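This report refers to the structure that appears directly beneath it.
Since the model is a prediction, treat every value here as computed from it, not as a measurement.
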Amino acid sequence: MEHIVFTTDSSMVLADLLRGVRHEQLFIVADKHTVGFCDKLLEKVDWIPLNVAVVDCGEENKSLDSVARIWSVLSKRGARRSSILLCVGGGMVTDMGGFAASTFKRGMRCIYVPTTLLAQVDASLGGKTGINFNGLKNEIGIFKEPERVIIDVMFLKTLPMRERMAGFAEMLKHGLLSDVEYLDRLLTCGRNEPDREEFLDLLKRSISVKSEIVTLDPLEKGVRKALNFGHTIGHAIESCSVMRQENLSHGESVALGMIAELYLSVREKGFPEEIYHRVRDFIKRYYPAYPVMEYADMLCELMSHDKKNDREGLNFTLLENVGQFSVDNYCSRELVMEALRQI
């Protein structure tokens with residue numbers, strides 16, 4: 001976690017990191033919401049940045065066209081490999097900005113300032129960058145860690161509760177991959193004041209869980225597949241939502257995916273039913289419903305394109321217990337349909 005900086009003053013951290021960098025060699029990518037944060041972020045830097053690429057908001061804009069817009073700004077304004085691309089925003093911005101930086105001139109320097117809880121605990125960590133392609137989530141991408149990730153909890157106070165809960169879904173996943181004590185703290189903690197010390201401790205713990213797994217397996221060849229829990233079905237739900245122009249976020253989709261994949265874990269691995277019911281009830285209480293059975297055939301088709309599949313069947317990370325996971329479990333379409341009905 002050496003490259004992760006926790007702070008309540010990201011402007012001061014950036015001023016230190018950018019000392020000695022000429023203003024024409026700093027480039028910024030932000031979306032139409034987060035571009036408003038940039039002046040405040042750079043108020044302690046003694047020059048005004050001119051090279052800003054603003055992308056449209058929304059998962060549907062995590063596309064090759066948007067990356068081309070970033071590349072165009074970098075190319076026209078004379079960016080070099082030693083230049084810095086500062087990515088300010090949620091997971092869409094860090095995923096796409098990181099991909100643009102890692103491919104421009106075969107790789108330029110990159111700093112993330114994630115402004116959502118989801119980006120802070122998931123998207124900005126682990127080096128995964130990428131874009132959606134042909135309606136498929138993160139179909140094109142590369143592994144590349146940023147130079148720094150600046151985690152400032154003060155951004156979380158600007159988020160509506162629904163967006164905050166979207167990020168909290170990934171923290172729940174980390175709790176399921178960690179231990180019962182941490183999971184219990186997550187299920188009972190106060191989520192209305194994200195700048196309180198209690199929530200900051202949970203945030204740090206969540207980031208630590210992911211970072212430890214990524215360090216063991218940076219290119220997702222083995223143990224890192226644990227982090228895919230909830231994502232095989234979750235990504236399919238998210239892709240379906242995007243294609244149908246419905247308003248379901250990544251975190252909300254993963255939360256629903258965790259219900260189904262916990263059910264598969266009960267059926268296939270003997271995961272404790274009491275914990276399954278507790279987590280399922282929590283998710284159903286705090287996350288939007290989605291009519292998955294209306295789109296069940298589409299969801300199974302989308303799952304079949306998942307990058308984790310390398311032979312027949314649908315590949316899942318399942319849990320034997322809290323903190324005990326099993327990767328590369330192939331489940332039949334019939335059992336998956338049964339799991340979808342639990343949502």
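- In this structure, Leu318 CG and Tyr263 OH are separated by 13.0 Å, a value rounded to the nearest 0.5 Å.
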Inset, instruction - Applying side chain to side chain contact (heavy atoms under 4.5 Å, CB included), run through Leu74 and Leu85 and close with a yes or a no. - result: CA-CA 9 Å; Leu74 294 172; Leu85 183 62; 4.3 Å; yes

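- No side-chain heavy atom of Leu125 sits under 4.5 Å from any side-chain heavy atom of Val214.
- Using a 4.0 Å cut-off between a side-chain N of Lys or Arg and a carboxylate O of Asp or Glu, Lys40 and Glu43 qualify as a salt bridge.
- Glu252 and Tyr290 share no donor-acceptor pair across their side chains, judged by distance under 3.5 Å alone.
- When only modelled atom types and interatomic distance are considered, Asn329 and Lys269 share a side-chain donor-acceptor pair under 3.5 Å.
- Taken from CE in Met165 to OH in Tyr286, the straight-line distance is 7.0 Å, to the nearest 0.5 Å.
- When atom types are taken as modelled, the side chain of Gln342 and the backbone of Leu262 share no donor-acceptor pair closer than 3.5 angstrom.
- Using modelled atom types, one finds a donor on one side chain and an acceptor on the other under 3.5 Å when comparing Glu220 with Asn228.
- Checked against salt bridge (charged side-chain N to carboxylate O under 4.0 Å, His left out), Arg109 has the following partners two or more places apart in sequence or in another chain: Glu147.
- Atom CE of Met243 has more than 12 heavy atoms from other residues, nucleotides or ligands within 6.0 Å.
- One distance of note links CD1 of Ile275 with CG of Leu183; it measures 7.0 Å at 0.5 Å rounding.
- The ring pair (Phe, Tyr, Trp, His ring centres under 6.0 Å) check on Phe325 picks up nothing, with sequence neighbours excluded.
- Glu181 CD: more than 12 foreign heavy atoms inside a 6.0 Å radius.
- Under the 6.0 Å distance and 45° angle rule, Arg205 counts as a cation-pi partner of Tyr182.
- Judged purely by distance below 3.5 Å, without hydrogens or angles, the side chains of Glu212 and Ser208 pair a donor atom with an acceptor atom.
- Geometrically, Lys128 does not engage Phe143 in a cation-pi contact defined by less than 6.0 Å to the ring centre and at most 45° from the axis.
- A salt bridge is defined here as a Lys NZ or Arg NE, NH1 or NH2 lying under 4.0 Å from an Asp or Glu carboxylate O, and Arg19 with Asp16 meets this definition.
- A donor-acceptor pair under 3.5 Å is formed between the side chain of Asn61 and the backbone N or O of Cys57.
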Inset, instruction - Under the side chain to side chain contact (heavy atoms under 4.5 Å, CB included) rule, what do Ile237 and Ile343 come out as? Steps first, then yes or no, please. - result: CA-CA 11 Å; Ile237 293 173; Ile343 300 174; 4.1 Å; yes

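- Between Ile151 and Pro114, the closest side-chain pair of non-hydrogen atoms falls below 4.5 Å.
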Legend entry - Derivation of the side chain to side chain contact (heavy atoms under 4.5 Å, CB included) call for Ile70 and Val73: CA-CA 5 Å; Ile70 299 169; Val73 170; 5.9 Å; no

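- Residues Glu170 and His231 have side chains that bring a donor and an acceptor to within less than 3.5 angstrom of each other.
- Atom NZ of Lys44 sits in a crowded spot, with more than 12 heavy atoms from other residues, nucleotides or ligands closer than 6.0 Å.
- Put simply, the side chain of Ser206 never gets that close to the backbone of Leu202: no donor and acceptor are under 3.5 Å apart.
- Using modelled atom types, one side-chain atom of Glu261 and one backbone atom of Thr232 make a donor-acceptor pair closer than 3.5 Å.
- Considering NZ of Lys137 and SG of Cys240, their distance stands at 14.0 Å, rounded to 0.5 Å.
- Although no hydrogens or angles enter the test, the distance criterion places a donor-acceptor pair under 3.5 Å between the side chain of Ser124 and the main chain of Ala119.
- Judged purely by distance below 3.5 Å, without hydrogens or angles, the side chains of Asn315 and Lys225 never pair a donor atom with an acceptor atom.
- When only modelled atom types and interatomic distance are considered, His250 and Glu59 share no side-chain donor-acceptor pair under 3.5 Å.
- Environment of CD in Glu273: sparse, with no more than 12 heavy atoms of neighbouring residues, nucleotides or ligands closer than 6.0 Å.
- Ser241 places a side-chain N or O within 3.5 Å of a backbone atom of Leu248 that can act as its donor or acceptor partner.
- In the hydrophobic clustering of this structure, Val121 groups with Tyr287; members are Ile, Leu, Val, Met, Phe, Trp, Tyr whose side-chain heavy atoms approach within less than 4.5 Å, directly or through other members.
- If you check the side chains of Tyr295 and Glu246, you find a donor sitting under 3.5 Å from an acceptor.
- Atom-to-atom distance recorded for Arg148:CZ and Leu17:CG is 6.0 Å, nearest 0.5 angstrom.
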Inset, instruction - Kindly indicate, with the supporting measurements, whether the criterion side chain to side chain contact (heavy atoms under 4.5 Å, CB included) is fulfilled by Val13 and Ile150. - result: CA-CA 8 Å; Val13 172; Ile150 301 172; 3.8 Å; yes

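- Checked for salt-bridge contact, Asp31 and Lys62 miss the test: no charged N lies under 4.0 Å from a carboxylate O.
- Using a 30° and 60° split on the angle between ring planes, Phe199 and Phe168 fall in the parallel class, below 30°.
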